[in-house]
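Structure first, then comments.
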Amino acid sequence: MKINEQTLLNSDQVVPLLGHHIIRNILMDDLLGKDHESILYWAGKSIARKYQQESLEDIIDFFTKVGWGNLTVLKEKKDEINFQLVSPYHNEKLAVTYQLEAGFLAEQYEYKKKLITEAIVQEKKDKALITLKWDRKDPIE
């Protein structure tokens, strides 16, 4: 049976945060061990290739629809952009890694800019700061 992902994306159905947390942060950490964060980063890049967004507004909307949280732009320069992410995990004071979201953003901007893009995450108590950086001399091949 093929799942209609667009229908799921537009659904109002809510998944309990605990169930999501158990799979993403406990089970995946147990299965992947020390590679958990780097694999989540590359998984985010893979998801971005399957769900390419056309604009920054679409990316922000995608974050909301999939339950990753409230994404806002803090500052944009010629070779980087800074985001703030406040997720449901922050509201519940759960410690998690935001490498999945960082990988997703890096791949979205790599597609948009046609330049190799990397993400750096700085996790705070009440938010995650994600900085994307690209080099104009490093185009994707």
Side-chain angles (χ1 to χ4, degrees), residues 2-141:
K2 181 154 171 75
I3 296 172
N4 184 336
E5 292 174 351
Q6 192 60 43
T7 300
L8 290 176
L9 197 56
N10 293 325
S11 171
D12 290 334
Q13 179 66 39
V14 178
V15 175
L17 187 59
L18 179 60
H20 188 257
H21 175 67
I22 289 170
I23 293 169
R24 174 187 169 150
N25 300 301
I26 296 174
L27 177 63
M28 295 301 287
D29 188 40
D30 285 349
L31 292 173
L32 303 173
K34 65 180 175 59
D35 296 323
H36 178 231
E37 288 190 14
S38 60
I39 291 174
L40 278 180
Y41 183 85
W42 290 105
K45 290 177 82 65
S46 177
I47 292 167
R49 287 188 287 274
K50 292 177 177 92
Y51 294 93
Q52 288 181 348
Q53 305 299 305
E54 294 300 317
S55 68
L56 177 57
E57 293 77 23
D58 292 339
I59 293 169
I60 290 169
D61 188 47
F62 184 85
F63 266 66
T64 302
K65 284 182 177 177
V66 299
W68 288 349
N70 183 19
L71 184 69
T72 56
V73 176
L74 296 177
K75 184 171 31 171
E76 191 166 3
K77 299 178 185 175
K78 68 176 184 171
D79 60 350
E80 74 178 50
I81 187 167
N82 299 290
F83 292 97
Q84 174 180 286
L85 175 62
V86 178
S87 84
Y89 293 113
H90 291 115
N91 297 337
E92 299 301 324
K93 309 287 189 243
L94 295 170
V96 299
T97 179
Y98 294 94
Q99 293 299 315
L100 181 76
E101 294 86 346
F104 181 87
L105 286 169
E107 189 67 23
Q108 290 292 335
Y109 267 75
E110 192 165 294
Y111 170 75
K112 181 178 176 180
K113 300 273 187 191
K114 306 291 187 231
L115 298 168
I116 300 295
T117 303
E118 294 297 325
I120 301 163
V121 178
Q122 188 178 14
E123 295 173 18
K124 303 284 188 178
K125 187 167 58 172
D126 60 343
K127 63 187 163 244
L129 303 175
I130 302 172
T131 301
L132 302 182
K133 295 182 177 229
W134 53 86
D135 183 345
R136 295 182 187 277
K137 297 179 225 155
D138 201 4
I140 57 176
E141 298 172 14

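Because the structure is predicted, anything quoted here is derived from the model rather than measured. Throughout, residue positions are numbered sequentially from 1 according to the sequence presented.
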Does [X] reach the main-chain N or O of [Y] with its side chain, forming a donor-acceptor pair under 3.5 Å?
X	Y	result
Trp134	Lys78	yes
Gln84	Lys127	no
Gln52	Lys112	no
Gln99	Ser38	no

Problem set entry | Candidate list Leu74, Thr72, Leu105, Ile59, test side-chain contact (heavy atoms from CB on, under 4.5 Å), partner Phe83, passing option |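 Per the side-chain contact (heavy atoms from CB on, under 4.5 Å) rule, the option paired with Phe83 is Leu105, out of Leu74, Thr72, Leu105, Ile59.
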Quick one: closest heavy-atom pair of [X] and [Y], and the distance?
X	Y	result
Ile130	Ala119	CG2-CB, 4.2 Å
Gln53	Asp58	OE1-O, 3.4 Å
Glu107	Ala48	CB-CB, 3.5 Å
Asn82	Glu80	ND2-OE2, 3.4 Å
His36	Thr97	CE1-CG2, 3.9 Å

For this session: Report yes if some heavy atom in the side chain of Val121 is under 4.5 Å from a heavy atom in the side chain of Leu129; otherwise report no.
Result: no
Please report the interatomic distance [atom1]([X]) to [atom2]([Y]), rounded to the nearest 0.5 Å.
X	Y	atom1	atom2	value
Leu115	Glu110	CG	CD	8.5 Å
Asp35	Leu40	CG	CG	11.0 Å
Gln108	Lys45	CD	NZ	10.0 Å
Ile39	Lys34	CD1	NZ	9.0 Å
Tyr51	Phe104	OH	CZ	9.5 Å
Lys124	Leu85	NZ	CG	14.5 Å

Exercise. Does a donor on one side chain sit under 3.5 Å from an acceptor on the other, for Tyr41 and Glu118?
Worked result: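 Result is yes, a qualifying pair exists.
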Problem set entry | Side chains of Thr64 and Asp61, donor plus acceptor under 3.5 Å |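 No - no donor-acceptor pair under 3.5 Å links their side chains.
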Exercise. For Lys133, does the NZ atom sit with more than 12 other heavy atoms under 6.0 Å from it, leaving out its own atoms?
Worked result: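 No, the 6.0 Å shell around NZ holds no more than 12 heavy atoms from other groups.
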Problem set entry | Aromatic contact, Phe62 with Trp68 (centres under 6.0 Å) | yes
Exercise. Do Lys114 and Tyr111 meet the cation-pi criteria used here (NZ or CZ under 6.0 Å from the six-membered ring centre, within 45° of the axis)?
Worked result: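 That pair qualifies as a cation-pi contact.
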Exercise. Can you check side-chain contact (heavy atoms from CB on, under 4.5 Å) on Ile116 and Ile140, steps first, answer last?
Worked result: CA-CA 6 Å; Ile116 300 295; Ile140 57 176; 3.6 Å; yes
For this session: Test Leu100 against Ile47 for side-chain contact (heavy atoms from CB on, under 4.5 Å), laying out the working first.
Result: CA-CA 9 Å; Leu100 181 76; Ile47 292 167; 3.9 Å; yes
